[in-house]
Amino acid sequence: MSVLITGGAGFIGSHTAVEFLNAGYDIVIMDNFCNSKPVVLDRIKQITGKDFKFYKADLLDVASMDKIFEENPDIDSVIHFAGLKAVGESVAKPREYYNNNVTGTLNLCDCMNRYGVKTIVFSSSATVYGDPDEVPIKETAKVGNATNPYGETKVMIERILKDIYISDKEWKVSVLRYFNPIGAHASGLMGEDPNGIPNNLMPYITKVAAGKLPMLHVFGNDYDTHDGTGVRDYIHVVDLARAHLKALQYIEKAGGIDYFNIGTGNGYSVLDIVKAYNDATGIEIKYVIDPRRPGDIAACYADPTKAREVLGWQAEFGIFEMCRDSNNWQSKNPNGYTE
Ligand code: NAD
Ligand code: WQD
């Protein structure tokens with residue numbers, strides 16, 4: 001039996017591939033490298049000492065997807081990461097986002113159905129909660145007020161998966177709503193490698209720490225939070241990767257469709273992160289306060305009780321390890337995955 005990991009060359013997919021290989025699973029990875037590089041596949045092998053099949057394929061190219069299932073009849077479940085994820089870009093290119101993420105997922109599900117594979121773990125996001133009425137956020141909170149096309153693709157895919165399950169109860173669906181994944185593999189061999197100037201907080205901070213950017217721009221200090229800066233639930237990518245193992249094992253036994261928040265339950269402000277980075281690395285991050293970034297919300301953090309009680313998963317790493325490992329990745333790979 002083997003697990004297909006779509007988008008397995010990406011940030012979260014690559015860390016998940018390592019955890020599955022370490023746990024003894026056979027995996028097949030597919031990716032079109034639109035936001036990742038082939039060298040990550042060597043890093044996965046280097047860390048685990050294990051081999052796996054890889055397909056350069058595209059969710060939008062049905063024939064390339066069929067070929068994977070045709071040639072690997074042992075695939076019996078899918079962890080579905082492949083998708084575009086840049087919020088700002090999704091506002092500028094909505095058709096590309098809806099097509100890649102929504103049509104791509106429909107193609108994948110059609111393909112799975114044709115080959116009788118009906119178990120899927122899907123990468124959703126806390127963005128489906130929009131601006132939440134209250135924090136910490138429970139899975140029962142209202143879904144559907146995403147503030148951008150990227151977030152809408154997650155809302156739509158959640159709905160599509162639910163309708164597929166309703167139509168055919170043989171499907172087993174686990175929807176994981178990630179909060180803010182950061183950190184890197186402790187080896188320093190894998191991490192987050194965004195193109196250009198990072199949009200997200202931690203990759204921006206690591207570039208400031210490395211002297212590649214002059215200072216952090218803190219987007220607003222007038223939010224209703226303990227120090228006025230935005231509060232988020234940061235989660236170590238290795239903890240997040242391990243949640244997929246637990247989610248797959250659970251849904252395979254329990255069946256049905258279920259939804260889980262994957263976060264630590266702790267909310268840290270931007271300035272808390274600046275301080276934690278200094279505590280973990282000794283590096284002082286220069287910053288300036290700028291106006292709020294459009295579309296941002298004050299606070300977003302999880303109630304992760306359900307994942308703990310139902311999946312038996314909880315985060316093991318704290319903000320110290322997240323900052324330490326992000327910095328370790330940046331300093332060992334100053335130009336990311338370039339050889
Ligand atoms: P990533 O961009 O590093 O990984 C996604 C991978 O999918 C990339 O390697 C990319 O090349 C591939 N891909 C994209 N479209 C494809 C297509 N049509 N066919 C084949 N491959 C394709 O992103 P990530 O941070 O690892 O995120 C993985 C998933 O988790 C995404 O679905 C993302 O929306 C979701 N997510 C991410 C975050 C986050 O902050 N990183 C938070 C919540 C949810
Ligand atoms: C975190 C905090 C910013 C950069 C995004 C997506 C979300 C999910 C995770 C995929 C906020 C502040 C940031 C900077 C700053 N992705 N900030 N200066 O916006 O919570 O979530 O990534 O599903 O959908 O929206 O993450 O890292 O961009 O921001 O002050 O240069 O850091 O204002 O308070 P966000 P982030």
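When a ligand or atom number is given, it counts from 1 through the structure's own listing order.
Shortest contact from atom 17 (N) of ligand 2 to any protein heavy atom: Phe219 CD1, 3.6 Å. Nearest non-hydrogen protein atom to atom 19 (N) of ligand 1 is Leu59 N, 3.1 Å. The protein non-hydrogen atom at the shortest distance from atom 4 (O) of ligand 1 is Gly10 CA, 3.4 Å. The protein atom (non-hydrogen) at minimum distance from atom 2 (O) of ligand 1 is Asn35 ND2, 2.7 Å. Among protein heavy atoms, the minimum distance from atom 40 (O) of ligand 1 is reached at Pro181 CD, 3.3 Å. The protein heavy atom nearest to atom 26 (O) of ligand 1 is Ile12 N, 2.8 Å.
Close approach to Ala57 involves these atoms of ligand 1, each under 4.0 Å from a residue heavy atom: 19 (N), 20 (C). Close contacts of ligand 1 with Cys34, meaning ligand atoms under 4.0 Å from a residue heavy atom, involve 10 (C), 11 (O), 13 (N), 14 (C), 15 (N). Residue contact check: Tyr150 has heavy atoms under 4.0 Å from atoms 33 (C), 34 (O), 35 (C), 36 (N), 44 (C) of ligand 1. Atoms of ligand 2 found under 4.0 Å from any heavy atom of Asn199, numbered from 1 in the order shown, are 4 (C), 28 (O). In the vicinity of Val87, heavy-atom distances shorter than 4.0 Å reach the ligand 2 atoms 6 (C), 25 (O). Interface atoms of ligand 2 facing Arg293, defined by a heavy-atom separation under 4.0 Å, are 3 (C), 19 (O), 28 (O), 29 (O), 36 (P). In the vicinity of His217, heavy-atom distances shorter than 4.0 Å reach the ligand 2 atoms 14 (C), 15 (C), 18 (N), 30 (O), 31 (O). Close contacts between ligand 1 and Met30 involve ligand atoms 20 (C) [criterion: under 4.0 Å to a heavy atom]. Taking a cut-off of under 4.0 Å to the non-hydrogen atoms of Ala82, the atoms of ligand 1 that pass are 7 (O), 13 (N), 21 (N), 22 (C). Close approach of ligand 1 to Gly7 (heavy-atom distance below 4.0 Å) involves ligand atoms 6 (C), 7 (O). For ligand 2, the atoms lying closer than 4.0 Å to a non-hydrogen atom of Val218 are 30 (O).
The heavy atom nearest to atom 12 (C) of ligand 1, out of those in Thr16, Ile157, Asp31, is found in Asp31. Selection from Lys85, Met202, Arg177, Glu192 by nearest heavy atom to atom 41 (N) of ligand 1 gives Lys85. Around atom 35 (C) of ligand 1, the closest heavy atom drawn from Gly83, Ala9, Ser123 belongs to Ser123. Around atom 34 (O) of ligand 2, the closest heavy atom drawn from Ser90, Ser125, Gly230 belongs to Gly230. The heavy atom nearest to atom 36 (N) of ligand 1, out of those in Tyr178, Tyr234, Phe179, Phe81, is found in Tyr178.
Ring centers of Phe54 and Phe33: under 6.0 Å apart, within the cut-off.
Of all the heavy atoms of Lys154, the ones lying under 4.0 Å from any atom of ligand 1 belong exclusively to the side chain. With a heavy-atom cut-off of 4.0 Å, Ser124 touches ligand 1 through its backbone alone. With a heavy-atom cut-off of 4.0 Å, Thr127 touches ligand 2 through its side chain alone. Residue contacts with ligand 2 for Tyr268 are absent, since no atom lies close enough (heavy atoms, distance under 4.0 Å). Only the backbone of Phe33 comes within 4.0 Å of ligand 1, counting heavy atoms alone; no side-chain atom from C-beta on gets that close. Here Asn32 has heavy atoms under 4.0 Å from ligand 1 in both its backbone and its side chain.
For the ligand labelled ligand 2, residue Arg232 lies inside the 4.0 Å heavy-atom shell. A heavy-atom separation below 4.0 Å is found between Tyr150 and ligand 2. Within the structure, the closest approach of Tyr287 to ligand 2 does not fall below 4.0 Å when heavy atoms are considered.
Backbone and side-chain nitrogen or oxygen atoms of Val270 are examined, and none is located within less than 3.5 angstrom of a nitrogen or oxygen of ligand 2. Checked against a 3.5 angstrom limit, the closest N/O atoms of Leu84 and ligand 1 fall outside it. Ligand 2 has an N or O atom lying under 3.5 Å from an N or O atom of Asp296, backbone or side chain. Taking only nitrogen or oxygen atoms, main chain and side chain alike, Phe179 does not reach within less than 3.5 Å of ligand 2. Ligand 1 has a nitrogen or oxygen under 3.5 angstrom from a nitrogen or oxygen of Phe11.
Under a cut-off of 6.0 angstrom, the local environment of OH in Tyr25 is crowded, with over 12 non-hydrogen atoms contributed by other residues, nucleotides or ligands. Enclosure of atom CG in Asp133 is not indicated, since only 12 or fewer non-hydrogen atoms of other residues, nucleotides or ligands lie within 6.0 angstrom. Heavy atoms from other residues, nucleotides or ligands lying under 6.0 Å from NZ of Lys169 number more than 12.
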Working for side chain to side chain donor-acceptor pair (under 3.5 Å), residues Tyr259 and Glu158: CA-CA 9 Å; Tyr259 304 82; Glu158 286 201 5; 5.4 Å; no
Test side chain to side chain donor-acceptor pair (under 3.5 Å) applied to Arg43 and Tyr337, step by step: CA-CA 10 Å; Arg43 303 286 176 95; Tyr337 279 117; 5.6 Å; no
CA sep, side-chain torsions, deciding dist, call: Asn99, Lys93, side chain to side chain donor-acceptor pair (under 3.5 Å): CA-CA 10 Å; Asn99 194 36; Lys93 300 178 178 172; over 6 Å; no
Intermediate values then yes/no, side chain to side chain donor-acceptor pair (under 3.5 Å), Tyr115 and Glu70: CA-CA 8 Å; Tyr115 288 88; Glu70 188 67 47; 2.9 Å; yes
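In this model, a donor atom of one side chain and an acceptor atom of the other lie less than 3.5 Å apart for Asp31 and Ser36. Looking at Tyr55 and Asn72, their side chains do bring a donor and an acceptor atom within 3.5 Å of each other. A side-chain donor-acceptor contact under 3.5 Å links Thr264 and Asp233.
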For residues 12-21, tabulate all N or O donor-acceptor pairs below 3.5 Å that involve a side-chain atom, not counting sequence neighbours.
{"from": "Ser14", "atom 1": "OG", "to": "Gly10", "atom 2": "O", "distance (Å)": "2.7"}
{"from": "Ser14", "atom 1": "OG", "to": "Phe11", "atom 2": "O", "distance (Å)": "3.0"}
{"from": "His15", "atom 1": "ND1", "to": "Phe11", "atom 2": "O", "distance (Å)": "2.7"}
{"from": "His15", "atom 1": "NE2", "to": "His185", "atom 2": "N", "distance (Å)": "3.0"}
{"from": "Thr16", "atom 1": "OG1", "to": "Ile12", "atom 2": "O", "distance (Å)": "2.8"}
{"from": "Glu19", "atom 1": "OE1", "to": "Arg242", "atom 2": "NE", "distance (Å)": "3.0"}

Review item, side-chain donor-acceptor pairs of residues 134-147, under 3.5 Å, at least two apart:
{"from": "Lys138", "atom 1": "NZ", "to": "Asp303", "atom 2": "OD2", "distance (Å)": "2.9"}
{"from": "Glu139", "atom 1": "OE2", "to": "Asn261", "atom 2": "N", "distance (Å)": "2.8"}

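The two residues Ala298 and Arg232 have their closest heavy-atom pair at O-NH1, 3.4 Å. In terms of heavy-atom proximity, Asp193 sits nearest to Gly336 at OD1-CA, 3.5 Å.
His236 and Phe317 have tilted rings, their planes meeting at an angle from 30° to 60° on a 0 to 90° scale.
Only one option out of Tyr178, Trp313, Phe260 pairs with His244 in a ring pair (Phe, Tyr, Trp, His ring centres under 6.0 Å); it is Tyr178.
Ion pairing of Lys275 with Asp279 is present here, as a side-chain N (NZ or NE/NH1/NH2) and a carboxylate O approach within less than 4.0 Å.
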